[in-house]
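Just below is one structure, and these are the notes that go with it.
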Amino acid sequence: MGISITRREFGRGSLILAAAASMPGLAKAKDTALTIGVAAPFTTLDPHEQSNSPNNATSRHIFDSLINRGGKAENNPQLATNWNNTDDTHWEFVLRKNVKFHDGSDFTAKDVVASLLRARDKPSQSFASYTRNIKQVTAKDPHTVVVETTVPDPMILNSLSRIRIISAKYAKADVSEFDSGKAAVGTGPFKYKSYMPGDRLVVTRNEDYFAGPAHWSLVTLRILPDNGARLANLLSGDADLIENLPAQGIDRVKGSSKFDIIRGQSTRLVFLGMDIERDKTPDITAKDGSPLDKNPLKDERVRRAMLMSINRKAIVDRVMEGNGTVAHQFVAEGYAGHSDDVEPVKYDPEQAKKLLDEAGWKDGFRLTLHGPSGRYVDDSQVLQAVGQFLARIGIETKVNVMPWAVYSEKYNDKLYGVYLASWGINTGEVSNPALALVAKRDSKAGTGRYNAGGVDDPRLNALIKEATRTLDEKKRTPLLEEVSEITFNNLYLLPMHYENVVMGAKKTIKYEPRGDKYTLAYEVKPA
Amino acid sequence: MNPNLAESTDGAIVEPQPEAPAEEGRHLWRSFFASPGAVVGLALLVMIVLAAVFAPQIAPQNPYDLNQISIMDGRLPPGGESMMGTHFLLGTDGQGRGIFSGILFGLRTSLLVGVLSALAAASIGTLIGLFAAYVGGRTENFLMRLVDLQLSFPTILMALMMLAALGNGVTNVIIALIIAEWATYARTVRGTALVEREKEYIEAARCLKLPTWRILFFHLLPNCLAPVIVISTMQVARAISLEATLSFLGLGASVTQPSLGMLISNGYQYLLSGLYWISFFPGIALLLTIVSINLVGDRLRDILNPRNV
């Protein structure tokens, strides 16, 4: 009860604050608490250890980057105030002055150098997609940094917006030192207070934040991957804002006078990846369980038949209750790299059966679908529905879901024949997903980090390589369009849907969902 | 003279017979039926077991066959009509599985897990307990400290740890439950066996230089069985609810072959939006199963408790 009383007082506080706002001199930051129910667990506070949306969203509370990526994928100044490229491979960034870390030390160029190199050289190599072109980072003076790239890199600003700046003195700190709070010292809008892995992160307001203190004095990011629990937390008043409002909660929230549904468009593509590389693939057998002498997924007709058999419209409408939009390629219309020449595959089970027959799989085969539970919107339900549709054209399907923490470590190691995966296309253009998902896997070059299906198409590799070196947008876009065409006309990935951002919030709160689905407490405003 | 040591007609000394509960059998049944609660429990249990065994014959649909279910029939209320014109007695879940069929098939998994894991844990635990008590000394100390160590972890935690290591699947759940539960049996049996070990019939058996295994299994074991039977019945119910918990947490059986626990977990997300039937009916089924087993187990405990005889 104590908490709810305080909460009410906080509410009153914000009313007073609102009333006082018109009176000059009185408007001072008050005690205000915000609790956000986070749907996908973040795994560490070390901002350079593992690159995934929950981690990168969480690290933005404590740390800043040189570039501030806006909700609509625009590059804004953050720790860098302005920048220009002196030549094709040299970028000069002028740093913001008088910025202090949470421990009181000054932010200077050496922190930038240490952070960028740390992200680049971390053994986990999880940020390789963003750092692979960084050749050298040098401090020209305490407030100017020069980033040298190996090749002309049109995405460097976007890449730098992903890399959080830590204090140089913690450049050698390991993951546990960040998680314990010792090294979790940034310049961001919030300061570390406590962190319980798998449960919650509590941060307090950084009163000296360069862009002005946040409205909230105390922010709790509660990890609530379970749909029912997350919804219950909102309805009971414990959480002020929850991510991924579960489909089954929409009716409850819609009819309520206390809560609002906040919707937005996301660029997260959910797809089925499959092993199209090896001749023998795990989990695919004949119907009697005997091993097959070849891998049916290598045949484009089989992949087409599979996609054709899936009624994606029904999945989006019925299983996800409208929380998704059917996808046909990496990005929806309007984003760079969307191509009108990608042939949409329509639901047609009869044609799908014919195609399977034609490919020599009249009797079908048996496969296991793998996927996470609680990571993507209705993931385990979507997988089961896919299983139903595949079963109807004679592909006997088993569904194996596991917790995200287990799955995320395994699916990328080519352990599965068919797997449900997803990519949040935060750059809002095609080179980013293409580089990670369908470029040939090459750990040195940092390409194909999540190409777990073994896609290796020479034309595609060449196109991606060229596109990532072309600074001129007009030349770049046609290259990206061809990347989309090759990927999705060959069905190297089976596109399922884009997730919609659907959040539940108290009416006392305003929030504009971001395309990258990050939930940032700093951008949450009182209504 | 020890009454167990009788001379046979040909003069040879025969093996001493432990106090065999020969006509106790009939007595046991009679006192069992004296309790109406136990009778109701037993009747219910028999019905549940029959329903589970004949599930494929009774259920209108095979909820484990992806070909027979359709998301187009998802979340129908009890009595709702499917695309094919059939009706679902207790409604459907999000994937279009009939809840009634789901419960029947789910019961199979639950009972299988419960019975198998309890039996296996009982066998292993009893063996270890007997052996420890009979041998004594360092071996006993070692085994019992192992039991202490095991019992100091909550069962659910043990099971979770095992499943994290082994991965999902019914077989793995059974293995995890066995590992989590054997210690209870070992501790109980050792206690009983320590008392029995000192009795004259064991002494007599030793004097006859009978092999250890023979003393253990033919003399000591039958007299330690009463508590084992009682714990076993309770443990079956416990294992079923543990399996339900594990499935509820997403660590149990496969998602396309839901046990009772998983049916409940699929539906509880919808409780807040009024689609009560997805969790409610499987929950009732689980409740009835556990209550009936406990009623039977309770009565057995009353009867087999030596202080009551």
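Keep in mind that this is a model prediction, so the values were computed, not measured. Every chain is numbered from 1, with letters handed out A, B, ... down the list of sequences. These numbers come from the heavy atoms of this one structure, side chains and all, not from hydrogens, waters or symmetry mates.
- When side chains are defined from C-beta on, A/Phe389 counts as touching B/Ile71, because their heavy atoms get closer than 4.5 Å.
- At a 4.5 Å heavy-atom cutoff, the contact between A/Arg252 and chain B is made by side-chain atoms alone.
- Heavy-atom contacts from other residues, nucleotides or ligands closer than 6.0 Å to NZ of A/Lys398 number 12 or fewer.
- With values rounded to the nearest 0.5 angstrom, B/Asn266 atom CG is found 5.5 Å from A/Gln381 atom CD.
- The number of heavy-atom neighbours closer than 6.0 Å to NZ of A/Lys507, taken from other residues, nucleotides and ligands shown, is above 12.
- In terms of heavy-atom proximity, B/Thr256 sits nearest to A/Gln384 at CG2-CG, 4.0 Å.
- The two residues A/Ser380 and B/Val255 come nearest to each other via the heavy atoms OG-CG1, 4.5 Å.
- Using a 4.5 Å cut-off between heavy atoms, A/Leu235 touches chain B through its side chain atoms alone.
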Subject >> Worked verdict on B/Ile69 versus A/Gln388 for side-chain contact (heavy atoms from CB on, under 4.5 Å) >> reply: CA-CA 7 Å; B/Ile69 60 175; A/Gln388 287 186 14; 3.5 Å; yes
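- Around CE of B/Met161, the count of heavy atoms belonging to other residues, nucleotides or ligands within 6.0 Å exceeds 12.
- Of all heavy-atom pairs between A/Ala385 and B/Gln95, the closest is N-OE1, 3.4 Å.
- Counting non-hydrogen atoms of other residues, nucleotides and ligands closer than 6.0 Å to NZ of A/Lys313 gives a total of 12 or fewer.
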**OP:** Show your reasoning for whether side-chain contact (heavy atoms from CB on, under 4.5 Å) applies to B/Leu66 and A/Arg392.
**Re:** CA-CA 8 Å; B/Leu66 289 175; A/Arg392 283 178 170 69; 5.8 Å; no
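- Evaluation of the side chain to side chain contact (heavy atoms under 4.5 Å, CB included) rule for A/Asp288 yields A/Ala286, A/Ser290 as partners, not counting sequence neighbours.
- With a 4.5 Å cut-off on non-hydrogen atoms, B/Ser265 does not touch chain A at all.
- In terms of the side chain to side chain contact (heavy atoms under 4.5 Å, CB included) criterion, residue partners of A/Met196 (sequence neighbours excluded) are, by chain and number, A/Asp199.
- For the pair B/Met72 and A/Asn311, the minimum side-chain heavy-atom distance is below 4.5 Å.
- The contact between A/Asp226 and chain B is made entirely by side chain atoms (from C-beta outward), counting heavy-atom distances below 4.5 Å.
- Contacts with chain B were tallied for A/Val406, A/Asp378, A/Ile250, A/Asn227; A/Asn227 has the most, counting heavy-atom pairs under 4.5 Å.
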